[in-house]
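Notes follow once the structure below has been shown.
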Amino acid sequence: RKEVEQDPGPFNVPEGATVAFNCTYSNSASQSFFWYRQDCRKEPKLLMSVYSSGNEDGRFTAQLNRASQYISLLIRDSKLSDSATYLCVVNTGAGNKLTFGGGTRVLVKP
Amino acid sequence: GAVVSQHPSRVICKSGTSVKIECRSLDFQATTMFWYRQFPKQSLMLMATSNEGSKATYEQGVEKDKFLINHASLTLSTLTVTSAHPEDSSFYICSARGGVAGSSYEQYFGPGTRLTVT
């Protein structure tokens, strides 16, 4: 089983719609969680950290469920520019290494 | 946010040659730098972790004699791919983290280096 698993998609989303997807992690000792965004042939960019209480940043909402070991990302009012691969990233605390999920591809269409 | 640069952004080399990739933190001191590799349609895979002034820690399956990492200063780490082969063709990305080792400071990624070995 992979340490961090994501649905690869693609999620085809009409512009203006809401899309949500999850990521599961296997190490219950994981300490920090992040969502990164990666555009084609570019480096990952931090979208948001995920806090235990859940957090919101504009149209993006992240949730953490420690009991079930998953995190989620919800995008409201999708824009064409939201098309990207969203990487779930977990810091297990061991050497503060980040473990990346395979990414979820989102395609927002007019 | 913090800025990390990589050089070169793209390199093509012949099989058997060596290639050096530089990773620099431009506006902060990076106590730890990480080197990742990403093959097409796959996620980032950590290759090694380097702390300034000490030897790099390599992930399982990564040959330390083939991928030489030097982190001689708080703003520069280099990855040298020795005796490159076509299967080493990949997108190499570094990231840098400041703060105290063992903290959970965010990592900032460089723009990546696309290596093609012919």
Side-chain angles (χ1 to χ4, degrees), chain A residues 1-10 21 23-27 29-52 55 57 62 64 71 73 84-107, chain B residues 1-7 9-10 21 23 25 30-51 54-60 62 89-116:
Chain A
R1 182 185 174 187
K2 292 182 181 177
E3 288 190 60
V4 181
E5 293 205 63
Q6 294 183 249
D7 182 338
F21 41 88
C23 157
T24 58
Y25 60 95
S26 61
N27 189 336
S30 300
Q31 299 179 354
S32 311
F33 309 88
F34 308 91
W35 283 106
Y36 277 74
R37 170 196 169 123
Q38 186 174 26
D39 293 293
C40 188
R41 302 174 79 84
K42 299 283 189 181
E43 78 278 18
K45 292 188 185 295
L46 180 65
L47 180 65
M48 58 199 305
S49 301
V50 186
Y51 304 122
S52 296
N55 48 304
D57 183 1
L64 167 63
I71 67 173
L73 181 67
T85 297
Y86 291 85
L87 303 172
C88 171
V89 184
V90 176
N91 181 333
T92 60
N96 276 293
K97 295 188 293 188
L98 298 181
T99 302
F100 285 77
T104 295
R105 191 162 173 230
V106 173
L107 296 174
Chain B
V3 179
V4 176
S5 70
Q6 269 184 254
H7 178 79
S9 59
R10 186 183 299 267
I21 302 170
C23 176
S25 56
T31 52
T32 306
M33 286 185 170
F34 302 85
W35 286 96
Y36 297 85
R37 180 167 54 181
Q38 185 176 33
F39 292 107
K41 297 190 186 299
Q42 295 185 26
S43 193
L44 279 72
M45 295 299 294
L46 179 65
M47 299 176 67
T49 303
S50 73
N51 291 300
S54 60
K55 288 185 178 180
T57 303
Y58 290 80
E59 295 300 299
Q60 192 172 14
V62 178
S89 298
S90 187
F91 191 43
Y92 291 86
I93 308 175
C94 73
S95 71
R97 189 185 74 213
V100 177
S103 72
S104 58
Y105 283 77
E106 293 172 4
Q107 290 186 25
Y108 299 94
F109 286 84
T113 296
R114 194 160 298 280
L115 170 64
T116 303

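What you see below is based on every heavy atom in this structure, not just the backbone, and it leaves out hydrogens, waters and symmetry mates. Each chain gets a letter, A, B and so on, in the order the sequences are listed, and its residues count up from 1.
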Does any heavy atom of chain B fall under 4.5 Å from the side chain of A:Leu98, the backbone, both, or neither of them?
both

Which pair of non-hydrogen atoms, one from B:Phe91 and one from A:Arg41, has the smallest distance, and what is that distance?
CZ-O, 4.0 Å

Determine whether a donor-acceptor pair (N or O, by modelled atom type, separation under 3.5 Å) exists between the side chain of B:Ser43 and the backbone of A:Gly101.
yes

Please tell me whether A:Glu43 and B:Gln6 have a donor and an acceptor in their side chains that are separated by less than 3.5 angstrom.
no

Check the surroundings of atom CE in A:Met48: do more than 12 heavy atoms from other residues, nucleotides or ligands lie under 6.0 Å from it?
yes

Crowded around A:Arg37 CZ? As in, over 12 foreign heavy atoms under 6.0 Å?
yes

Crowding at CD, A:Glu3 (>12 non-hydrogen neighbours, <6.0 Å)
no

Centroid-centroid distance, B:Phe109 to A:Phe100, less than 6.0 Å
yes

Given heavy-atom pairs under 4.5 angstrom as the criterion, report whether the side chain, backbone, both or neither of A:Gln6 touches chain B.
neither

Check each atom of A:Ser49 against the heavy atoms of chain B and say whether the ones under 4.5 Å are side chain, backbone, both or neither.
side chain

With a 4.5 angstrom heavy-atom cut-off, is it the side chain or the backbone of B:Leu46 that approaches chain A, or both, or neither?
side chain

Could you give the distance from CD (A:Gln38) to CD1 (B:Ile93), rounded to the nearest 0.5 Å?
5.5 Å

